[in-house]
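The block underneath contains the structure these notes are about, expressed in C-alpha cells.
Note that ligands are numbered from 1 as they come in the structure, with each ligand's atoms numbered from 1 the same way. Start at 1 with the first residue, then count along the sequence.
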Amino acid sequence: MQQPRKLYVKSFGCQMNVYDSQRMADTLAREGFTETQDPAEADLVILNTCHIREKAAEKVYSELGRLRKAKQEAGADTLVAVAGCVAQAEGAEIMRRAPVVDLVVGPQSYHRLPELLRAAGKGERVVDTAFPVEDKFDHLPAPSRAATRARGPAAFLTVQEGCDKFCTFCVVPYTRGAEVSRPAGKILAEAERLVGQGVRELTLIGQNVNAYHGEGPDGRPWSLARLMGALAGIDGLARLRYTTSHPRDMGADLIAAHRDLPQLMPYLHLPVQSGSDKVLDLMNRGHSRQTYLDLVRDLRAARRDLALSSDFIVGFPGESDADFEATLELVREVGFAGAYAFKYSPRPGTPAAGHGSQVPEDVKSERLKALQKLLEASKAAFDKSLQGKTLEILLEKSGRYPGQLIGRSPYLQSVVVTDPPAAIGDLLAVTITEVGPNSLAGRAPAPALSRPLAAMEA
Ligand code: SAM
Ligand code: SF4
C-alpha cells in the first residue's frame, strides 16, 4: 500500500492565495497527501506566492534558500513547488535562480497539479504558467467535511478572478489575467455545500469582487448584489462579506444590499489609495476624491453602523507634499476603522515603474510613518467606541487559556470570550469589556436571574 504523503503549503499575500492554497490541498488530498504544519516532515512543499510588492516577491527567494539548506542537511528528497503570482510572473527566472525548485505552477493551472507532480516526481523540472481554456474550478474538488471543519466556521469563496482596471502601479492584471466571473449557480452550490459542512460565514473574494457579473441560473448576468441576495437565502448562513472592492464598481444595488441584507456584515474594505485627485489620475483609478467621499456618505446612509477600511499607497511617482497632505485629510474626514498603508513599490512592466518622478525612499518612509500613525489613531478611536457595547460574535477557535474562545466581531476584530455559554461555530451576543491594540475582550451577558439584582441586594 502507498505510504500517506505529507504536504506543507505556505501562503503569502492576499485571501485569494489562502483560498487557492486550500483548493490545492483539497486536490492533493485525493492523491493521498495529508497536510502538515512542519516543512521538515513534508514530501511536498508548496510556496503560494505574492508579487504585489518587491518585498513580497523577494521573500519567496529567501524561503527557497532556507528550504535548499534544510533539504541538503536532511538529505531529503522533498519536492518543492512554487505557485501563485511570482510563479506566474517569473516562472523561468525561478528555475534559473533556485535549483531547489522542481515545479512552477501559475494560478490558473492548479487543477493540473497531480499530473505536473507526477512529471516532477520522475525528475523533470516543470513550468506551467498557461492560461488554459478550461475552467480550473470545474476540476478542483470540493473540500471534505473534515477539511472544512478543521478550517473553522468562516470560509472564503472565490467568485471572480483577474482584473481589467490596469491601475498603473499594479501587477494583478498581468499575473491573474482578465476579469472572469464564476457562474452564480456554481457559487451557490459551493456555498450550500460549505454551509452543510458547518460554515456560518462566507467571504466572497475576487481581485475586483464587485465587478462580479457571472451568469445567473436564468442565463442573464448577475451582479454581486443579486448573487448575495440569493446566498442570503441559504438556511444556516449567518454572515456574508466580500472583498476586495473597487470604488468604481460600487453600484446602487450593492449599496442597497448593505441596507437590505441583514447577513451582510457592516464592514467594508474599500481601497482609495490616495486622497489627491492628481495622484488618483496618475494611478488610473477612474474615480476622484469626491466620488469616493460620496460613496462613503451613501453607504453610511444605507447602513448606519457601517465601518470602513482601506488601502493606501504613499510615495507614488509624482506625489508632492500637498498630495500627501490631501491623503491625510481624507483619512481624518472618513475616520477609517482599519487600513493598510504601503510604500509605492515599482513593479516591472507596470506603467508607473517607468515614471520619471520617483519619490526618494526616505520621503516614502517618512510619509508611511505619518500615515500609519494617523490610521492607528483612527482605528484605536473606532475600537474604543465599542467599549460597553454588545456585539454578535462568531466563535471561531479556542483561546490561549482553558475556557477561552476567540471569535470575530461584525467588524472583523478578534474578540476573546471567557467561559462562553456556547461552542465554536455559534453566534453569541458579547458585551465588550476590554479594548486592546490587537484584540477585544468581552463576556456573554449573565444568564437571566430569577429576581432582579436590585431586589436581591435589598
Ligand atoms: N483590487 C484592489 C484594489 O483595487 O484596490 C487591491 C488589490 S492589491 C492585491 C492590494 C493592495 O496592494 C492595493 O490596494 C494597493 O494598495 C497595494 N499595491 C498594489 N500594487 C502596489 C505597488 N506596486 N506598490 C505598493 N502597493 C501596492
Ligand atoms: Fe490592481 Fe486592484 Fe487596480 Fe485591479 S483594481 S489593477 S487589482 S489595484
**Report entry** atom 1 (N) of ligand 1: the protein heavy-atom neighbour that sits closest, reported with distance to 0.1 Å
**Finding:** Q207 O, 2.8 Å

Query raised in the report: Do Y411 and F382 have ring centres separated by under 6.0 Å?
Result: yes

**Report entry** Where ligand 1 meets R347 - atom numbers and elements under 4.0 angstrom, heavy-atom basis
**Finding:** 23 (N)

Query raised in the report: Between K186 and D138, does at least one N-O distance fall below 4.0 Å, as a salt bridge requires?
Result: yes

Report summary line: the protein heavy atom lying closest to atom 4 (Fe) of ligand 2 turns out to be C163 SG, 2.2 Å

Report summary line: The option among Q273, K165, R285, R248 carrying the non-hydrogen atom nearest to atom 2 (Fe) of ligand 2 is R285

Query raised in the report: Only one of F324, F336, Y340 clears ring-ring contact (aromatic ring centres under 6.0 Å, His included) with F312; which?
Result: F336

Report task. Could you tell me the residue and atom name of the protein heavy atom closest to atom 19 (C) of ligand 1, and the distance to it rounded to 0.1 Å? Result -> I52 CG1, 3.4 Å

Query raised in the report: Is the shortest distance from a Lys or Arg side-chain nitrogen in D305 or K389 to a carboxylate oxygen in the other one below 4.0 Å?
Result: no

Query raised in the report: Mind checking whether atom 4 (Fe) of ligand 2 has an N, O or S of H246 under 2.8 Å?
Result: no

Query raised in the report: Is any N or O atom of D311, backbone or side chain, closer than 3.5 Å to an N or O atom of ligand 1?
Result: yes

Report summary line: If you scan protein heavy atoms around atom 1 (Fe) of ligand 2, the nearest is C170 SG, 2.3 Å

Report summary line: closest protein heavy atom to atom 5 (O) of ligand 1 is Q273 NE2, 3.0 Å

Requested in this report: Please could you name the atoms of ligand 1 that H246 approaches to less than 4.0 Å, counting only its heavy atoms?
Outcome: 4 (O)

Requested in this report: Using a strict cut-off of less than 4.0 Å between a Lys/Arg side-chain nitrogen and an Asp/Glu carboxylate oxygen, indicate whether E376 and K379 qualify as a salt bridge.
Outcome: no

Report task. Look at atom 26 (N) of ligand 1 and say which protein heavy atom is nearest, naming residue and atom and giving the distance to 0.1 Å. Result -> R53 NH1, 3.3 Å

Query raised in the report: Quick one: do R176 and D20 make a salt bridge, cutoff under 4.0 Å?
Result: yes

Requested in this report: Answer yes or no: is there an ion pair linking E325 with R332, defined by an N-O contact shorter than 4.0 Å?
Outcome: yes

Query raised in the report: Quick one: do E58 and R97 make a salt bridge, cutoff under 4.0 Å?
Result: yes

**Report entry** For F169, atoms of ligand 2 separated by under 4.0 Å from a heavy atom
**Finding:** 8 (S)

Report task. Please check if any side-chain donor atom of D323 sits under 3.5 Å from a side-chain acceptor atom of S320, or the reverse. Result -> yes

Query raised in the report: Is S245 in polar range of ligand 1, meaning some N or O pair under 3.5 Å apart?
Result: no

**Report entry** For ligand 2, the portion of P271 having any non-hydrogen atom under 4.0 Å away
**Finding:** neither

Query raised in the report: Is ligand 2 under 4.0 Å from a heavy atom in the side chain of F166, in the backbone, in both, or in neither?
Result: backbone

Query raised in the report: Any luck finding a side-chain donor-acceptor pair between D294 and Q290 under 3.5 Å?
Result: yes

Query raised in the report: Measuring from the heavy atoms of K165, does anything fall under 4.0 Å of ligand 1?
Result: no

**Report entry** Identity and separation of the nearest protein heavy atom to atom 20 (N) of ligand 1
**Finding:** F169 CD1, 3.3 Å

Requested in this report: Give the residue, atom name and distance (to 0.1 Å) of the protein heavy atom nearest atom 22 (C) of ligand 1.
Outcome: S345 O, 3.6 Å

Query raised in the report: Hey, is C167 touching ligand 2 through its side chain, its backbone, both or neither, going by heavy atoms under 4.0 Å?
Result: both

Query raised in the report: Nearest to atom 4 (O) of ligand 1, what protein heavy atom do you find, and at what distance?
Result: R285 NH1, 3.2 Å

Query raised in the report: What do you reckon, are the aromatic ring centroids of F169 and F342 less than 6.0 Å apart?
Result: no

**Report entry** Atoms in ligand 2 with a heavy atom of P173 nearer than 4.0 Å
**Finding:** 6 (S)

Query raised in the report: Is R23 close enough and on-axis enough to Y110, meaning under 6.0 Å and within 45°, for cation-pi?
Result: no

Query raised in the report: Charged N to carboxylate O below 4.0 Å: is that the case for R289 and E329?
Result: no

Requested in this report: For the pair Y174 and F166, evaluate ring pair (Phe, Tyr, Trp, His ring centres under 6.0 Å) and give the outcome as yes or no after the intermediate values.
Outcome: CA-CA 9 Å; Y174 311 95; F166 290 92; 5.6 Å; yes

Report summary line: The atoms of ligand 1 lying under 4.0 Å from a heavy atom of K343, numbered in the order shown, are 24 (N), 25 (C)

**Report entry** atom 6 (C) of ligand 1 - nearest protein heavy atom and its distance
**Finding:** T244 CG2, 4.0 Å

